[in-house]
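Hydrogens, waters and symmetry mates are skipped; everything else that's a heavy atom, side chains included, is used. Along the sequence shown, residues carry numbers from 1. Counting convention: from 1, in listed order, for ligands and their atoms alike.
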Amino acid sequence: MSYETILIDRKPEGYVVITLNRPDKLNALNIQLIEELYDAIGEIGRDKSVRGVIITGAGEKAFAAGADIAELNRLDDSTGQRYSEQGQIAFSMIERLNIPVIAAVNGFALGGGCELAMACHIRLASEKARFGQPEVNLGIIPGFGGTQRLTRLVGPARSIEYNLTGDMIDANTAERIGLANHVYPADQLMEKAEEMMMKMLAKGPIALCKTLQAVVASVDLTIEEGLALEARLFGECCGTEDFKEGTGAFLEKRPANFTGK
Ligand code: COA
């Protein structure tokens with residue numbers, strides 16, 4: 001499928017790079033972009049040959065500078081809730097992809113841009129990255145998960161501060177508070193994201209999938225529920241060829257060759 005607001009680059013190594021592509025508007029997330037992202041993620045989820053995703057922004061300045069404010073301006077109390085829900089559905093679909101999704105945050109990740117990055121499993125930031133939830137400046141609250149995912153990532157005190165002040169969070173602060181996993185010089189960001197992706201893709205695909213299932217679910221579960229889920233998924237791994245291969249390769253002192261079976 002071809003898109004106008006995102007670029008899809010399928011790498012021979014088995015992962016896909018999605019580039020948010022409205023650089024003249026700092027990759028602001030308009031409805032068309034969110035719909036195209038939703039379609040692309042749906043397609044990736046159904047395509048068993050895709051084993052990972054990197055999401056980044058076109059141009060030098062932005063990952064995504066938020067939802068498109070020109071479109072936001074037209075919302076009212078009857079259309080606002082639906083708008084918020086549709087963005088949430090698209091972003092939750094990213095979070096629930098059972099393959100690793102890395103956000104390569106190359107610049108501004110504000111509002112919906114920060115929310116999109118937080119729906120990804122890992123955030124790698126360029127030194128130029130600036131995160132934040134500035135919706136209060138517009139008289140609204142975050143609508144694509146910002147009140148929920150920021151709280152889970154950095155804790156309620158910091159989440160309340162950033163959501164109430166709208167302050168931008170520089171890359172090093174983001175790393176310190178757990179919002180970004182790592183910070184790299186801008187010209188190394190994609191290389192580092194690809195390096196991390198390749199490291200993960202060398203592991204057993206079933207183990208990656210079940211790890212993501214367990215960890216993503218963990219934030220909504222009690223410890224007893226989470227441990228029960230972990231035990232079930234662990235047991236399922238023990239029935240796979242990848243498990244026999246991984247443990248056998250260790251014992252035979254050779255690299256494992258996982259097949260995803
Ligand atoms: N929605 C729509 N358009 C946006 C946008 C957004 N969220 N963010 C930036 N743009 C557009 C600008 O209107 C401008 O378009 P124009 O050239 O047609 O006038 C273009 O992108 C470049 O942005 P500009 O503001 O000129 O860049 P800057 O470097 O001076 O400032 C920001 C960068 C990120 C500080 C500033 O663009 C900004 O505050 N954006 C809004 C951030 C926000 O509130 N996001 C949350 C939305 S819920």
Side-chain angles (χ1 to χ4, degrees), residues 3-7 18-38 55-92 94-95 103-120 123-154 158-174 177 179-180 183 186-187 189:
Y3 301 109
E4 287 177 8
T5 61
I6 56 175
L7 302 173
I18 299 179
T19 304
L20 311 170
N21 192 31
R22 300 182 70 214
D24 54 324
K25 295 290 179 195
L26 303 188
N27 305 319
L29 309 171
N30 62 2
I31 292 168
Q32 182 183 1
L33 191 152
I34 291 169
E35 285 176 354
E36 292 187 352
L37 192 58
Y38 175 85
I55 302 181
T56 193
E60 302 277 302
K61 280 180 72 173
F63 176 74
D68 191 304
I69 297 171
E71 287 183 351
L72 282 180
N73 178 252
R74 294 195 285 269
L75 296 175
D76 58 32
D77 53 355
S78 66
T79 52
Q81 181 174 344
R82 186 78 195 114
Y83 173 87
S84 167
E85 286 166 354
Q86 281 174 330
Q88 289 176 355
I89 288 167
F91 289 6
S92 291
I94 293 172
E95 186 172 57
V105 181
N106 53 311
F108 292 114
L110 302 174
C114 188
E115 291 165 306
L116 172 57
M118 291 192 293
C120 297
R123 283 152 296 287
L124 303 183
S126 120
E127 285 168 345
K128 294 197 289 186
R130 297 284 178 276
F131 297 81
Q133 298 293 160
E135 285 87 347
V136 277
N137 297 328
L138 305 172
I140 47 172
I141 71 167
F144 297 163
T147 63
Q148 304 303 301
R149 290 198 177 92
L150 186 60
T151 310
R152 284 161 166 78
L153 280 168
V154 306
R158 288 193 168 104
S159 173
I160 287 172
E161 176 186 334
Y162 292 125
N163 274 306
L164 290 185
T165 61
D167 282 351
M168 287 197 208
I169 307 165
D170 65 52
N172 288 325
T173 304
I177 66 177
L179 180 53
V183 180
D187 61 354
L189 178 66

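The ligand atoms of ligand 1 that sit less than 4.0 angstrom from a heavy atom of Pro134 are 43 (C), 44 (O), 45 (N), 46 (C). Remark: ligand 1 atoms within the under-4.0 Å shell around heavy atoms of Leu110 are 34 (C), 42 (C). Against a heavy-atom cut-off of under 4.0 Å, Asp24 is close to the following atoms of ligand 1: 20 (C), 21 (O). Per-residue contacts place Leu138 under 4.0 angstrom from the following atoms of ligand 1 (heavy atoms of the residue considered): 47 (C), 48 (S). Listed by number with element, the atoms of ligand 1 under 4.0 angstrom from any heavy atom of Glu135 are 48 (S). Of all the atoms in ligand 1, the ones that sit under 4.0 Å from a non-hydrogen atom of Asp68 are 1 (N), 2 (C).
Any N or O atom pair closer than 3.5 Å counts here, and Lys61 shares at least one such pair with ligand 1. Checked by distance only, ligand 1 and Ile69 come closer than 3.5 Å through their nitrogen or oxygen atoms. On a distance-only criterion, Ala67 and ligand 1 share at least one N/O pair closer than 3.5 Å.
Under a 4.0 angstrom heavy-atom cut-off, Leu72 registers as being in contact with ligand 1.
Rounding to the nearest 0.5 angstrom, the gap separating the CD1 atom in Ile6 from the CD atom in Glu36 is 5.5 Å. We find the CG-CZ distance between Leu20 and Phe63 to be 5.5 Å, quoted to the nearest 0.5 Å.
Inside a 4.0 Å radius of atom 39 (O) of ligand 1 there is not any protein heavy atom. Protein heavy atoms are found less than 4.0 angstrom from atom 44 (O) of ligand 1. Protein heavy atoms all stay at least 4.0 Å away from atom 19 (O) of ligand 1. There is no protein heavy atom closer than 4.0 angstrom to atom 25 (O) of ligand 1. In this structure, atom 30 (O) of ligand 1 is not in close contact with the protein, since no protein heavy atom lies within 4.0 Å of it. Remark: atom 12 (C) of ligand 1 lies closer than 4.0 Å to no protein heavy atom. For atom 48 (S) of ligand 1, a protein heavy-atom neighbour is present inside the 4.0 Å cut-off.
Residue nearest to atom 42 (C) of ligand 1, selected from Ala65, Pro142, Ala28: Ala65 (by heavy-atom distance).
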### Query
Taking it one step at a time, do Gln133 and Leu150 satisfy side-chain contact (heavy atoms from CB on, under 4.5 Å)?
CA-CA 9 Å; Gln133 298 293 160; Leu150 186 60; 4.2 Å; yes

### Task
Take Phe131 and Met168, measure what side-chain contact (heavy atoms from CB on, under 4.5 Å) needs, and give me the verdict at the end.
CA-CA 6 Å; Phe131 297 81; Met168 287 197 208; over 6 Å; no

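Looking from atom 35 (C) of ligand 1 to the surrounding protein, the closest heavy atom is Met168 CE, 3.9 Å. Among all protein heavy atoms, the one lying closest to atom 16 (P) of ligand 1 is Lys25 NZ, 3.6 Å. Here the heavy atom of the protein found nearest to atom 36 (C) of ligand 1 is Leu26 CD1, 4.6 Å.
Judged purely by distance below 3.5 Å, without hydrogens or angles, the side chains of Ser92 and Arg149 pair a donor atom with an acceptor atom. Counted by atom type alone, Thr19 and Asn21 present zero donor-acceptor pairs between their side chains at under 3.5 Å.
Aromatic rings of Tyr83 and Phe144 (six-membered ring for Trp) have centroids within the 6.0 Å cut-off, being under it.
Two residues are said to be in side-chain contact when any heavy atoms from C-beta on lie closer than 4.5 Å; Ile18 and Leu7 fail this criterion. Ser159 is not listed as a side-chain neighbour of Thr147, based on a closest heavy-atom distance of 4.5 Å or more. Using a 4.5 Å cut-off on side-chain heavy atoms (C-beta onward), Asn30 and Leu33 make contact. Within the 4.5 Å cutoff, the side chain of Arg152 has no heavy atoms near those of the Met118 side chain. Here the side chains of Val105 and Ser126 are not in contact, with every heavy-atom distance at 4.5 Å or above.
Between Glu85 and Arg82 there is a salt bridge, since a side-chain N of the basic residue sits under 4.0 Å from a carboxylate O of the acidic one.
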